[in-house]
Amino acid sequence: MNNKFDVIVVGAGHAGCEAALASARLGCDVLLCTLNVDNIALQPCNPAIGGPAKSTLVREIDALGGVMGEVADATYIQMKTLNSSKGPAVRALRAQSDKKEYSQYMRNILENTDNIWLKQTCITEIKVKDSQIIGAIDEYGIEYSCRAIILTTGTSLEGKMYVGLQAYPGGRLGERPAIGLSESLRKHGIVTKKLKTGTPARVDKRTIDYSKMEIQPGDETLSFYSFKPNRPVRPQFPCYLTRTNEETHSIIRANLDKSPMYQGLIHGVGPRYCPSIEDKIVRFASNPSHHIFIEPEGLNTYEVYIQGFSTSLPACVQVEMLRSLPGLEKAHIIKPAYAVEYDYVPAVQTQHSLMSKDIKGLFFAGQINGTSGYEEAGAQGLIAGINAVNFLNAKEPFELSRASSYIGTLIDDLVTKDIQEPYRMLTSRSEYRLLLRQDNADSRLTELGYKIGLIDDSQYQRFVTKQETIRKEIERLRETKISANDEINGILSKYGEHIDRGVRLAELLKRPNIKYEIFKELDERTRELNLSKDITDEAEVLIKYDGYIKRQEQQVETSGKLEKYRIPADIDYSKIKHISSETREKLEKIRPSTLAQASRIGGVKPADISVLMVMLGK
Ligand SMILES: Cc1cc2nc3c(=O)[nH]c(=O)nc-3n(C[C@H](O)[C@H](O)[C@H](O)COP(=O)(O)OP(=O)(O)OC[C@H]3O[C@@H](n4cnc5c(N)ncnc54)[C@H](O)[C@@H]3O)c2cc1C
């Protein structure tokens, strides 16, 4: 076999699959190496895609031409819109996945993509010459040449798993760790650090008494991730809810001395927003109970996932803890809960393109950058895949701004904020969250996906038609007036509303109790048009929140001024007077590319930005 490729992607997890597909679809020859080809796009934790903020990432991936949304739509066993009664900025789709089907579906896409060469092997070394990637070496000593490498190694680098005080080498249950690559990175001057994450036990559903739990069904009206057509309607399966109690908490408290975290065996910091159950009991000691969701892992398996019960306590304690939960008194554990500690590469060493600041052609994406979550990984993989191709073709890097997307926000946070704990996307991380909604990801990004070459003509035409329909519908709602008569007020009274004079539909829609759906009762033309939900949802949001949206657009314009001040890569901060030494140190470490990015670095003060602005102006 010829061992020459354009791009080598290390890892076929969520980041690696998107990266390989983007690079290959843009014409590169891609070698995709992974530790186990039967674990492609594995969901080693929660078998679900989406949820708050993450659903927006999935829609953005889709709008740019990635595949995560398509795979989640094709393999769901439950679809649910969370926060549906709250504002549009926090509404979020969540797909419970059939874990095996998800992995197989992704593998099929990879195998049916020209230019992707899949290989089960462990990459142990990168090869660098004159600060530029020239290849990689695997565990068998085979050398590969390439000009770009995308590292998406997840939790595997020097991975060590813990069940109680017992440690096992491994990146995730049933998979060996990746040894060698971290050392090779360090030899080339890349700094690595440790993080930790954990997952709950998997239980045999035949040993669960669901009658003692609350049922959590999926939605009756389905929504999907992908903006592509022909989304499959599949049977849905419920999840269940149970709760911890005083007995659970006292078992955990009595066994904290057997926790590797509390005994100092694990040094890496764990995810703040997905804490282990022992962390929750200790940190929120006054809370008498915590929600535990019981989620199926697939259609053809008895394995269920115990969400909210992640732990690194010993296996025998896990049985006791689980059996204290209502409905799980006879629980049989198929796989134990465990924690894993792994190497990551703090992303302040990379640029917004996700390429290393010091080694040309070396890209990082996913958990290796300090994030946690499939969606965060997929989003970065897509951007790294596109930028590896741009780098090879000597094109400008593809960078997304914070104002354009959650993907842009995520990457900017990673490369700017010197993350010290697993980073998860949250709606609160965006200052523009009313602009960056899951419903309008396509209107924000499809044009870009098309220009890059990952969105085909037919998808682009569908997008143009959809935008035009939304525009026309908003116009119609602004023009159509309904009269204040008994019939209309009879309908409106059902929703706690009344009108004294004729009112345009757009004006009426701004009232909190009025939803677009109600117009089907009030207005014949709305019934005739019978527009699809994704169109009416977006039209409704654009009218209802018009004032807020305009205000955020103004904010974007103001902050855009700082984005225009580019900072030269070779700037010598030691020569700049009138900035504090703390600021100088941070600027030297992060080397921001614009004044706007500099202003977001923790500890950099507005006065420092003014000094920099004057200097750059000169
Ligand atoms: C125990 C555990 C608990 C987790 N808990 C959570 C959680 O609570 N919340 C959450 O959001 N996410 C959680 N996750 C994280 C989630 O699984 C990851 O964020 C996501 O899968 C990261 O995607 P990735 O593509 O970066 O890496 P992964 O999906 O892990 O894929 C990495 C791939 O790289 C391959 N690989 C690694 N090194 C090499 C090498 N040297 N050569 C060849 N191949 C290599 C591996 O085989 C693997 O296929 C958890 C993961 C684990 C393992």
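All values below come from the heavy atoms of this structure, side chains included, with hydrogens, waters and symmetry mates left out. When a ligand or atom number is given, it counts from 1 through the structure's own listing order.
- The nearest heavy-atom contact from the protein to atom 17 (O) of ligand 1 is P44 CG, 3.2 Å.
- Scanning the protein heavy atoms around atom 53 (C) of ligand 1, the nearest turns out to be T155 OG1, 3.6 Å.
- The aromatic rings of F224 and Y76 sit perpendicular to each other, their planes meeting at more than 60°, with 30° as the lower class boundary.
- Shortest contact from atom 24 (P) of ligand 1 to any protein heavy atom: A377 CB, 3.8 Å.
- Close contacts of ligand 1 with G366, meaning ligand atoms under 4.0 Å from a residue heavy atom, involve 26 (O).
- When non-hydrogen atoms are compared, ligand 1 lies under 4.0 Å from the side chain of E175 (C-beta onward) but not from its backbone.
- Closest of all the heavy-atom pairs between R424 and C274 is NH1-SG, 3.5 Å.
- Distances from ligand 1 to the non-hydrogen atoms of K54 include at least one value under 4.0 Å.
- In terms of N/O distances under 3.5 Å, ligand 1 is not approached by C122.
- Closest to atom 8 (O) of ligand 1, if we only count protein heavy atoms, is C274 SG, 3.3 Å.
- Atom numbering of ligand 1 starts at 1 in the shown order; those under 4.0 Å from a heavy atom of T197 are 2 (C), 3 (C), 4 (C), 5 (N), 6 (C), 50 (C), 52 (C).
- Contact check on K228 versus D62 returns a salt bridge, with a Lys/Arg side-chain nitrogen under 4.0 Å from an Asp/Glu carboxylate oxygen.
- Close approach of ligand 1 to Y338 (heavy-atom distance below 4.0 Å) involves ligand atoms 1 (C).
- Distance from atom 35 (C) of ligand 1 to its nearest protein heavy atom, with residue and atom name: G11 CA, 3.4 Å.
- Looking at T311 and E278, their side chains do bring a donor and an acceptor atom within 3.5 Å of each other.
- Of all protein heavy atoms, the one closest to atom 27 (O) of ligand 1 is G154 CA, 3.1 Å.
- Annotation: cation-pi pair R147/F5 absent, no NZ/CZ under 6.0 Å from the ring centroid and within 45° of its normal.
- Where the criterion is an N or O separation shorter than 3.5 Å, residue side chain and backbone included, G373 meets it with respect to ligand 1.
- For the pair Y225 and I49, the tightest heavy-atom approach, listed with the atom from each and the gap, is OH-O, 2.8 Å.
- There is a side-chain donor-acceptor pair under 3.5 Å between Y262 and D279.
- Not a single heavy atom of P271 sits closer than 4.0 Å to an atom of ligand 1.
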**Prompt:** Given R107 and D38, is the salt bridge (Lys or Arg N to Asp or Glu O under 4.0 Å) satisfied, shown in steps?
**Reply:** CA-CA 9 Å; R107 182 168 177 167; D38 297 321; 3.3 Å; yes
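- Taking only nitrogen or oxygen atoms, main chain and side chain alike, G198 reaches within less than 3.5 Å of ligand 1.
- For N39, the closest heavy-atom approach to ligand 1 does not fall below 4.0 Å.
- Proximity to T152 (heavy-atom distance under 4.0 Å) selects the following atoms of ligand 1: 32 (C), 33 (C), 34 (O).
- Side-chain contact of E70 with S226: a donor-acceptor pair under 3.5 Å is absent, judged by distance alone.
- Only the side chain of L181 comes within 4.0 Å of ligand 1, judged by heavy-atom distances.
- Applying the 4.0 Å criterion to heavy atoms of S156 picks out, from ligand 1, the atoms 37 (C), 38 (N), 46 (C).
- When only interatomic distances are considered, the shortest N/O to N/O separation between R172 and ligand 1 falls below 3.5 Å.
- Among all non-hydrogen protein atoms, the one lying nearest atom 42 (N) of ligand 1 is I123 N, 2.9 Å.
- The backbone of T121, and not its side chain, has at least one atom closer than 4.0 Å to an atom of ligand 1 (non-hydrogen atoms only; backbone = N, CA, C, O).
- Across the listed options G13, S184, S310, G13 owns the non-hydrogen atom lying nearest to atom 31 (O) of ligand 1.
- The backbone N or O of H332 lies less than 3.5 Å from a partner atom in the side chain of T207, making a donor-acceptor pair.
- Heavy atoms from both the backbone and the side chain of S372 come within less than 4.0 Å of ligand 1.
- Between A24 and N115, the shortest heavy-atom contact is O-ND2, 3.3 Å.
- The protein heavy-atom contact nearest to atom 25 (O) of ligand 1 is A15 N, 2.9 Å.
- Ring pair F284/H290 is tilted by interplanar angle, where 30° to 60° counts as tilted.
- Checked against E297 for a salt bridge (charged side-chain N to carboxylate O under 4.0 Å, His left out), the options K205, K99, K335, K100 give a single hit: K99.
- Listed here is the closest heavy atom pair of G370 and L195: CA-CD1, 3.8 Å.
- When each atom of ligand 1 is checked for a heavy atom of Y374 under 4.0 Å away, the hits are 16 (C), 17 (O), 20 (C), 21 (O).
- Between H14 and ligand 1, at least one N/O pair is under 3.5 Å apart.
- Any N or O atom pair closer than 3.5 Å counts here, and T371 shares no such pair with ligand 1.
- The shortest side-chain heavy-atom distance between I133 and K360 does not fall under the 4.5 Å cut-off.
- To the nearest 0.5 Å, atoms CD1 (I77) and CD (Q96) are separated by 5.5 Å.
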